[in-house]
Each structure stands twice: as structure tokens, then as C-alpha cells.
Protein chains: 2
Amino acid sequence: MASLTGIIEKHIEELLERANEESVFLSRKDLAERFGCVPSQINYVIRSRFTPERGYIVESQRGGHGYIRVIRLCMDMPEARANHIEELVGDSVNEQDIRRILANLQRRKLITARERLLIEVAVRFQEEIGRDLLDLSPYKRDSLHAELLKRLLRSLVLG
Amino acid sequence: MASLTGIIEKHIEELLERANEESVFLSRKDLAERFGCVPSQINYVIRSRFTPERGYIVESQRGGHGYIRVIRLCMDMPEARANHIEELVGDSVNEQDIRRILANLQRRKLITARERLLIEVAVRFQEEIGRDLLDLSPYKRDSLHAELLKRLLRSLVLG
DNA sequence: TTATTATTGACGAATATTGACCTTAAGCTT
DNA sequence: AAGCTTAAGGTCAATATTCGTCAATAATAA
């Protein structure tokens, strides 16, 4: 993995580590100069590597004093939990399973009541759309549930 | 964040804090002198930072004894917050607007970073499904985003 | 070979700063 | 009371500085 993208990705991760902060402010122009690439390469790295699904939030501002800010959440979650989630959820879950899983996670204090609420609302909305608007089969809907649930939980649990 | 605008913004926020009042009266001329800038810079700070979207309203008066008054809205009633959400989101929002709204809500401590992350992931998933799997039009997708976002935020904010 | 991922560059959009010119209100002066 | 003066604040356009998007192309993986 000696791709430019990989190198820049590592660099940003290192900045996050080294600063021991929750976030870093980057200058797109400076980064591009430093790594001898076009500025839009930085956008590519951000878009492909520092996604919400991987536990990052990115803010940016154009114009004078512009910046790209990368925020990293959940810095210290054991990897074991990630695998656990895959197992737990599998490829298909119905809403009852989901509620059971969420109740469990909340009881173990891995998610808050509000986070659980968000996840339930998101899943229910998806169910509603899939059923009423798109006429998807029950199996298809449960597959989508599984995928959504995994993404949501991974974003919280992985760093 | 060493921009003039940022510095002035912080100063005004601090005045609000320190006064522990709901509002502060500013003198545009004095502020401009203090920070060594043209008076219209103050207008820019007000227009771009102390917006209703961020929970402020501003009154002003010209002429002798003129002033700029910055009022911080406190939205402690669930009712008020809910209405605010409706307005903010409307019937259609693109992902860029969503990110702005979420950043503002987090700044105002109405949601946490993790909650923001969950919402971003849910919206992105919906976008992905709508685009790649269901081939929905951009407008339809933005409508669905608005509906999803409103439901998610209402679930949090009504509590 | 085909599909995915990475790289590049042209063009566009947003933000910050400044200054010239406009509008409004209060207090005098007549 | 009307008009003038002075002291605010408002608007708008020009400019500079960043970042973002999109599509074409190249490289790599399946």
C-alpha cells in the first residue's frame, strides 16, 4: 500500500494520534503541496477514507482562512466488538430482532437511550419506505435493515 | 481559526456569556475600532454568524444612540425546538444542508457528536439506496432526506 | 477483460475583507 | 414645527483566498 491516497490517509491519522485531540484542521492547499499532488486528491482521500461509516465527521470551509476539519469519534473501542456486531446482526434481521439487539446494547451501556431511539426511528422509516413506497419483498426489507443496522453500529464502535 | 471574523464572533459570544443575559447591545463603530477593521465587517460577522439558524435574532437602530442588539434564543421548550426543526429542514434538503444543520445543532448542544454521526450514516445509506438501487430522482431523494431527518430530530428533540 | 479505485485538472462556489455610497434617528437652531 | 447637522448603522460590489465537483484518464484488482 504505497499509494498516494494511503500515504496521505496515514498522515492524517497520525496527526490525529499525535495531537491526541478529537480533531485536526487541515489546509487542503498545504497538504497537496506537501505530497506533490493536486488539491482535489485531498478531497478523494477524505471522501473515501474519512467517512461517517468509519467513525469520522468532516467539516470544511472555503474562502479566506478556509480549512478541512477531520473529527474522529470513539477512539478506544475494542475490535472484538466490531466482529461481534457482524455476528449479531447477520445478513437479515427483522424489527423484533433489532429491538432486542438494541435493548441489549443499551443495557450494556454501549449506546445511550437517545442513540437507540435514533436507530429505531431510522430503521422504521426505512421499513415504511420499503413497504409502502417501493413495494419491496419482506426478505429484501430485512436485508436492508441488516445492512443499515450494521453501518450504524459500526460507525459508533469502530474508530 | 485566526480569522478576523472568527475573533469578533468569539468576542460577541463571550459578551453574551459574561453578561449572562439574553442579549447584548453593541456599537458597530466601537467594535470596528477595537478590532481595527471597517465597520461593515461587523455586519458581515452578524450576518454570517448570528443567524436564526444558529439560534440568534438581531435588532438594530441607526442614527444617534444607534446600536446592534444580539439576542440569544433559548429554546428550552420542546415545542419551540420542534417548530424550529420543521422550519430548518423544510420539505427538501440536500446533503450539504444536512451537514450544516447537524453542525449547528451540535454547536448548540442539542445533539451529541455520536448522534450526529448516526444521523449522517442513516442519511447516507438512504441516499445510496435511493440512488443506486432504486434510481430515484435527486428531488425525490432530497424529499426523503427531509422526511427522515425530521423524524430523527423530532425523536430526539421532543424528549 | 472487466470492474473498481486512484490521479489529474478545468471550472465553479463559498467565505472573508474592504471601501464607497446610502439611509435613519436624535438633537439643535431658527 | 421645520430644517439642518451630526452620528449612527446598512447595502452592495470588487477582490482575494480557499475548498468542492465532475469528468476524463490511468492504474490496479478480480
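Below, read A as the first sequence line, B as the second, and so on, with proteins coming before strands; counting in each chain starts at 1.
Heavy atoms of Gly66(B) sit under 4.0 angstrom from primed sugar atoms or phosphate atoms, though from no base atom. At the heavy-atom level, Ile68(A) lies under 4.0 Å from the strands shown only through sugar-phosphate atoms. Counting any heavy atom pair closer than 4.0 Å across all strands shown, Arg100(B) reaches no nucleic acid atom. Ile42(A) comes within 4.0 angstrom of no nucleic acid atom, judged by non-hydrogen atoms across all strands. Residue-level contact check: Ser40(B) touches the bases, meaning some heavy atom is under 4.0 Å from a base atom.
Counting non-hydrogen atoms of neighbouring residues, nucleotides and ligands closer than 6.0 angstrom, the CG atom of Asp132(A) exceeds 12 such neighbours.
Formation of a donor-acceptor pair under 3.5 Å by the Arg141(B) side chain with backbone atoms of Gly130(B) is not found in this model. Between the Lys10(B) side chain and the Thr5(B) main chain, no donor and acceptor come within less than 3.5 Å of each other. With Thr51(B) contributing its side chain and Ser48(B) its backbone, the two residues share no donor-acceptor pair below 3.5 Å.
Side-chain nitrogen and oxygen atoms of Gln41(B) include at least one within less than 4.0 Å of the OP1 or OP2 phosphate oxygen of dT17(C). For Thr5(A) and dT7(C), the shortest distance from a side-chain N or O to OP1 or OP2 is below 4.0 Å. Side-chain nitrogen and oxygen atoms of Ser60(A) include at least one within less than 4.0 Å of the OP1 or OP2 phosphate oxygen of dG20(D). At the phosphate of dC12(D), neither OP1 nor OP2 sits under 4.0 Å from any side-chain N or O atom of Arg47(B).
Sequence order on DNA chain C of the closest nucleotides to Val38(A) and Tyr44(A) puts Tyr44(A) first from the 5' end. If Gln96(B) and His65(A) are placed on DNA chain C by their nearest nucleotide, the residue sitting closer to the 5' end is Gln96(B).
When distances run from any side-chain atom of Asn43(B) to the nucleotides dA16(C), dG10(D), dT7(C), the shortest one goes to dG10(D).
Taken from NE2 in His84(B) to CG in Leu110(B), the straight-line distance is 8.0 Å, to the nearest 0.5 Å.
Side chains of Ile12(B) and Phe50(B) form a contact here, defined as non-hydrogen atoms less than 4.5 Å apart.
With axes fitted over five pairs at each extremity, the angle between the ends of the helix from dT1(C)-dA30(D) to dT30(C)-dA1(D) is 30° (10° resolution).
The base of dA13(C) sits with one of its N or O atoms less than 3.5 Å from a complementary donor or acceptor on the side chain of Arg62(A).
Partners of His65(B) according to the ring-ring contact (aromatic ring centres under 6.0 Å, His included) rule, which considers only residues two or more places apart in sequence or in another chain, do not exist here.
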